[in-house]
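Heads up, the thing below is written out as structure tokens.
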Amino acid sequence: MGSHKILTILDILYQNNITSSLIPSGCTSLVQPLDISINKAFKEMLCDLTDQKIFELESIEAFER
């Protein structure tokens, strides 16, 4: 993300004892394996459950009309 390279942002991170790491595209699976193995599946499941709940609520609302 380009904004993470701006000196102002880097200074703010430094002042708050945060070390930034720029990860080249295509390398996420190598340096952040949980994003690939666990978080992705969790996010997909959460999205499916959210869609299902929205559909249920829309159905109930239409029924009540």
Side-chain angles (χ1 to χ4, degrees):
M1 186 167 179
S3 64
H4 292 148
K5 300 177 198 174
I6 298 172
L7 283 178
T8 307
I9 301 298
L10 292 172
D11 286 340
I12 292 169
L13 293 174
Y14 179 78
Q15 290 170 10
N16 290 284
N17 298 317
I18 299 171
T19 303
S20 65
S21 296
L22 300 176
I23 300 168
S25 61
C27 294
T28 302
S29 63
L30 301 172
V31 295
Q32 294 178 300
L34 290 178
D35 278 356
I36 303 301
S37 61
I38 295 175
N39 296 344
K40 182 180 178 191
F42 174 73
K43 288 178 185 179
E44 287 175 354
M45 182 177 59
L46 187 61
C47 185
D48 290 344
L49 291 171
T50 301
D51 288 345
Q52 182 181 6
K53 190 63 177 179
I54 289 170
F55 179 74
E56 287 174 17
L57 292 173
E58 287 175 345
S59 298
I60 291 170
E61 185 177 302
F63 177 75
E64 288 176 347
R65 283 189 219 155

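Note that the structure is predicted; figures quoted are calculated from it, not measured.
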Q. Out of curiosity, Leu57 CG to Gln52 CD, how far, rounded to the nearest 0.5 Å?
A. 10.5 Å
Q: First locate atom CD of Glu44, then atom SG of Cys47, and finally report the distance between them rounded to the nearest 0.5 Å.
A: 8.5 Å
(Q) For residues Ile18 and Ile9: do they belong to one hydrophobic cluster (side chain heavy atoms under 4.5 Å, members Ile, Leu, Val, Met, Phe, Trp, Tyr)? (A) yes
Q: Enter the distance from Asp11:CG to Asn16:CG here, rounded to the nearest 0.5 Å.
A: 11.0 Å
Q: Please check if atom CG in Leu46 has more than 12 non-hydrogen atoms from other residues, nucleotides or ligands closer than 6.0 Å.
A: yes
Q.
Rounded at 0.5 Å granularity, tell me how far CD1 in Ile12 sits from CG in Leu7.
A. 11.0 Å
Q) Are Leu49 and Ile54 connected in the hydrophobic side-chain network, where two residues link if heavy atoms are under 4.5 Å apart? A) no
Q | Spacing of NZ belonging to Lys43 relative to CG belonging to Asp48, to within rounding of 0.5 Å | A | 14.5 Å
